[in-house]
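Everything on this sheet refers to the single structure shown next.
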Amino acid sequence: MTKIDFHTKGEQTKAIHAGEYPDPLTRASAPNLVMSTTFIADADANFSVENLEEENDGWIYTRWGNPTIHQLEEKLAVLEGAETALAFASGMAAITALLLHLLKSGDHAIISDVAYAALSEMTNEKIPELGIEITKVNTSDLEAIEKALRPNTKLIYVETPCNPLLRLTDIEAAANIAHKAGAFLAVDSTFATPAATKPLQLGADFVIHSLTKYLGGHGDALGGAILGNKETLSPLRKKTAIRLGGVISPFNAWLILRGLATFPLRMKTHEQNALKIASYLESHSKIKKVIYPGLPSHPQYELAKRQMKNFSGIISFQVENGKETAKQFSERLQIIHYAVSLGHHRSLIFYLNSEELLKTSFKFETDKQRQSWNAFAGQGIFRLSVGLEDADDLIADLEQALED
Ligand SMILES: *Cc1c(COP(=O)(O)O)cnc(C)c1O
């Protein structure tokens with residue numbers, strides 16, 4: 001079969017066909033799951049990854065590259081409109097590889113002050129221990145980013161919408177600020193997904209995804225990815241990723257590859273369901289505040305409309321007594337699972353207590369940062385990841401769980 005350029009095809013065609021090829025030996029139509037850790041080598045094969053020519057220059061050892069993982073990477077790159085993609089064992093493995101590759105002792109990085117908790121915690125502790133300076137700012141506030149710049153700033157790292165507040169960052173503006181200062185912009189686009197936003201087209205240098213969420217979509221495989229240009233990702237693969245070793249299992253790559261076939265279809269339903277449920281929650285007397293980028297009440301609705309082609313499926317909301325309601329949800333919900341994570345076909349809900357999170361994960365330096373947290377989260381928020389069940393069933397489940 002001749003190789004087709006899927007970049008110009010429709011989203012659903014990309015999701016199904018890009019990156020995949022039939023097995024040359026059996027002509028099997030579905031991609032092969034190749035679990036082999038090693039491959040028969042030529043007598044003159046190189047033993048060091050330093051000499052690896054291209055990622056798919058024959059297969060040597062699965063930590064360096066693997067045909068199933070490669071098909072996943074190719075599909076992700078086409079879906080994101082990126083030159084290339086690098087898959088990892090988890091979103092955190094991708095983030096760690098990016099930080100360790102780009103930053104060295106004496107460098108400075110600006111990181112979203114509210115972001116995925118493990119990234120926040122790592123940049124509070126481990127990364128500064130390596131002699132890398134970190135400033136946490138609310139990256140929705142472009143002036144705050146500019147003020148935090150230093151001559152040694154190498155990286156600006158944003159998450160939009162950010163976990164768990166669903167606050168947005170203007171990617172194009174942040175990219176301009178980064179590039180004027182000679183820094184890279186990395187965007188964790190896990191919540192938005194490529195169905196909503198293509199950060200590389202808006203000027204970002206790197207996109208991060210936790211494949212564990214919407215891209216895999218079924219809650220049964222951890223994975224992560226970095227996407228961007230070959231020029232920067234090739235050395236990242238050779239010098240950092242392969243040596244750190246946080247490689248995705250071919251089995252997980254295969255599961256995620258299979259999940260991706262329905263990715264654009266799933267995102268349409270996630271968004272439709274979330275819009276319905278967000279409006280329902282907004283009209284419920286016990287709900288104090290609902291945050292969803294697709295609601296006109298979102299403080300950055302204009303930016304959401306400009307930057308997100310799909311508002312995705314995550315809703316945050318506040319109630320009067322969060323802890324009590326959390327208990328009620330965990331005991332009474334019948335369809336929605338009371339559990340962490342997001343982006344699965346199953347709906348998931350979890351309560352995030354502000355006091356606890358501000359102790360363990362998010363460290364604010366200014367009153368302005370604290371005020372922004374309070375405006376979005378108050379004493380705590382529920383993060384509802386709206387799944388693919390029928391919206392009416394989800395609403396009925398919430399309704400009975402919210403009763404006195
Ligand atoms: C889940 C998540 C991560 C981490 O991904 P893992 O696959 O759990 O390691 C990173 N960023 C965001 C926004 C996430 O939601």
Next on the checklist: As a quick check of understanding, evaluate ring-ring contact (aromatic ring centres under 6.0 Å, His included) for Phe382 and Phe350, giving each step before the final call.
Outcome noted: CA-CA 6 Å; Phe382 286 94; Phe350 200 74; 9.1 Å; no
Item to check | Worked verdict on Asp141 versus Lys368 for salt bridge (Lys or Arg N to Asp or Glu O under 4.0 Å) | outcome: CA-CA 10 Å; Asp141 180 352; Lys368 215 171 155 192; 3.0 Å; yes
Next on the checklist: Salt bridge check, Glu133 against Lys154: does any charged N sit closer than 4.0 Å to a carboxylate O?
Outcome noted: no
Checklist outcome for this item: CZ of Arg383 to CD1 of Ile291, rounded to nearest 0.5 Å, is 13.5 Å
Checklist entry - Do the rings of Trp64 and Tyr61 sit parallel, tilted or perpendicular, given the 30° and 60° boundaries? => result perpendicular
Item to check | Aromatic ring pairing Trp59/Phe39, orientation class (parallel under 30°, perpendicular over 60°, tilted between) | outcome: tilted
Checklist entry - Within a radius of less than 6.0 Å around CD of Glu320, do more than 12 heavy atoms belonging to other residues, nucleotides or ligands occur? => result no
Checklist entry - Are any non-hydrogen side-chain atoms of Ser316 and Phe376 less than 4.5 angstrom apart? => result no
Checklist entry - Can you check side-chain contact (heavy atoms from CB on, under 4.5 Å) on Asp107 and Thr153, steps first, answer last? => result CA-CA 6 Å; Asp107 287 343; Thr153 305; over 6 Å; no
Next on the checklist: Within the 4.5 Å heavy-atom criterion, are Ile349 and His337 side-chain neighbours or not?
Outcome noted: no
Checklist entry - Between Glu83 and Lys230, what is the shortest heavy-atom contact and its length? => result OE1-N, 2.9 Å
Checklist outcome for this item: Nearest heavy-atom approach of Asn124 to Lys136 is OD1-NZ, 2.8 Å
Checklist entry - Is a side-chain donor or acceptor of Ser112 paired with a backbone partner of Glu159 at a separation under 3.5 angstrom? => result yes
Item to check | Test item: Val187 and Ile208 side chains (from C-beta on) under 4.5 Å apart, heavy atoms | outcome: no
Run the side-chain donor-acceptor check on residues 213-223: report pairs under 3.5 Å with partners two or more places apart or on a different chain.
residue: Tyr214; atom: OH; partner: Gly313; partner atom: N; Å: 3.1
residue: His218; atom: ND1; partner: Gly216; partner atom: O; Å: 2.9

Next on the checklist: Other residues, nucleotides and ligands only: do more than 12 of their heavy atoms fall within 6.0 Å of CD on Gln379?
Outcome noted: no
Checklist entry - Roughly how far, to the nearest 0.5 Å, is the CG atom of Leu227 from the CG atom of Asp205? => result 13.0 Å
Next on the checklist: Please verify the inter-ring angle class for Tyr292 with Phe311; under 30° counts as parallel, over 60° as perpendicular, anything in between as tilted.
Outcome noted: perpendicular
Next on the checklist: Once you measure the plane-to-plane angle for Phe362 and Phe364, does it fall in the parallel (<30°), tilted (30-60°) or perpendicular (>60°) bin?
Outcome noted: parallel
Item to check | For Asp5, side chain to side chain donor-acceptor pair (under 3.5 Å) partners two or more places apart | outcome: His7
Checklist entry - Are there more than 12 heavy atoms of other residues, nucleotides or ligands under 6.0 Å from atom NZ of Lys286? => result yes
Checklist entry - Could you go step by step and tell me if Thr325 and Gln328 meet the side chain to side chain donor-acceptor pair (under 3.5 Å) rule? => result CA-CA 5 Å; Thr325 309; Gln328 229 165 287; 5.2 Å; no
Next on the checklist: Can a donor-acceptor pair be found, under 3.5 Å and without considering hydrogens, that links the side chain of Thr262 to the backbone of Gly259?
Outcome noted: yes
Checklist entry - Could you give the distance from CD1 (Ile127) to CD1 (Ile111), rounded to the nearest 0.5 Å? => result 8.0 Å
Item to check | Side-chain ion pair, Glu129 and Lys126, N-O less than 4.0 Å | outcome: yes
Next on the checklist: Evaluate Thr160 against Gln307 for side-chain contact (heavy atoms from CB on, under 4.5 Å), listing each step before the verdict.
Outcome noted: CA-CA 10 Å; Thr160 179; Gln307 193 167 276; 3.8 Å; yes
Checklist outcome for this item: Correct closest heavy-atom pair for Ala274 and Val386 would be N-CG1, 3.8 Å
Checklist entry - If we ignore angles and hydrogens, is there a donor and acceptor under 3.5 Å between the side chains of Ser189 and Thr197? => result no
Checklist entry - Near Arg332 CZ, under 6.0 Å, is it more than 12 heavy atoms from other residues, nucleotides or ligands? => result yes
Checklist entry - Does the pair His209 and Glu80 meet the rule for a side chain to side chain donor-acceptor pair (under 3.5 Å), with working shown? => result CA-CA 10 Å; His209 285 293; Glu80 190 66 62; 2.6 Å; yes
Checklist outcome for this item: CG (Leu236) and CD1 (Ile242) are apart, to the nearest 0.5 Å, by 10.0 Å
Item to check | Phe206 ring center near Phe184 ring center (under 6.0 Å) | outcome: yes
Next on the checklist: Distance check, rounded to the nearest 0.5 Å: Leu255 atom CG versus Leu260 atom CG?
Outcome noted: 11.0 Å
Checklist entry - If every non-hydrogen atom of Ala401 is compared with every non-hydrogen atom of Leu333, which pair is closest and at what distance? => result CB-CD2, 3.6 Å
Next on the checklist: Any heavy-atom pair between the side chains of Lys14 and Pro264 that's under 4.5 Å?
Outcome noted: no
Next on the checklist: Please determine whether the number of non-hydrogen atoms from other residues, nucleotides or ligands lying under 6.0 Å from atom CD of Glu365 exceeds 12.
Outcome noted: no
Next on the checklist: Could you go through Arg266 and Leu388, starting from their C-alpha distance and side-chain angles, then the distance that decides it, and tell me whether this counts as side-chain contact (heavy atoms from CB on, under 4.5 Å)?
Outcome noted: CA-CA 7 Å; Arg266 285 188 281 109; Leu388 303 177; 3.6 Å; yes
Checklist entry - Any side-chain heavy atom of His108 sitting closer than 4.5 Å to one from Thr135? => result yes
Item to check | Minimum heavy-atom distance Glu121-Ser361, with the two atoms named | outcome: OE2-OG, 2.7 Å
Item to check | Test item: Leu79 and Glu11 side chains (from C-beta on) under 4.5 Å apart, heavy atoms | outcome: yes
Item to check | Residue pair Ser140, Asn138: steps toward the side chain to side chain donor-acceptor pair (under 3.5 Å) verdict | outcome: CA-CA 5 Å; Ser140 314; Asn138 172 359; 3.0 Å; yes
Checklist entry - Can a salt bridge be assigned to the pair Lys327 and Glu324 using a cut-off of 4.0 Å between side-chain N and carboxylate O? => result no
Checklist entry - Looking only at heavy atoms, what is the nearest atom pair of Asn152 and Gly106, with distance? => result ND2-O, 2.8 Å
Checklist entry - If you round to the nearest 0.5 Å, how far is CG of Leu342 from OG of Ser210? => result 7.5 Å
Checklist entry - If we only count heavy atoms from C-beta on, is the Asp390 to Asn273 side-chain gap below 4.5 Å? => result no
Item to check | Test ring-ring contact (aromatic ring centres under 6.0 Å, His included) applied to Phe263 - qualifying residues, sequence neighbours left out | outcome: none
Item to check | Stepwise side chain to side chain donor-acceptor pair (under 3.5 Å) test for Ser347 and Glu389 | outcome: CA-CA 7 Å; Ser347 293; Glu389 303 92 337; 2.7 Å; yes
Next on the checklist: Which label fits Phe317 and Phe329: parallel for a plane angle under 30°, tilted from 30 to 60°, or perpendicular past 60°?
Outcome noted: perpendicular
Checklist entry - Does OH in Tyr21 sit with more than 12 non-hydrogen atoms of other residues, nucleotides or ligands closer than 6.0 Å? => result yes
Next on the checklist: Do Thr62 and Pro250 have side chains that approach each other closer than 4.5 Å (heavy atoms only, starting at C-beta)?
Outcome noted: yes
Checklist entry - Taking NZ, NE, NH1 and NH2 as the nitrogens, is one of them in Asp113 or Lys363 under 4.0 Å from a carboxylate oxygen of the other? => result no
Item to check | Test side-chain contact (heavy atoms from CB on, under 4.5 Å) applied to Ile4 and Lys9, step by step | outcome: CA-CA 10 Å; Ile4 302 173; Lys9 303 288 185 220; 4.0 Å; yes
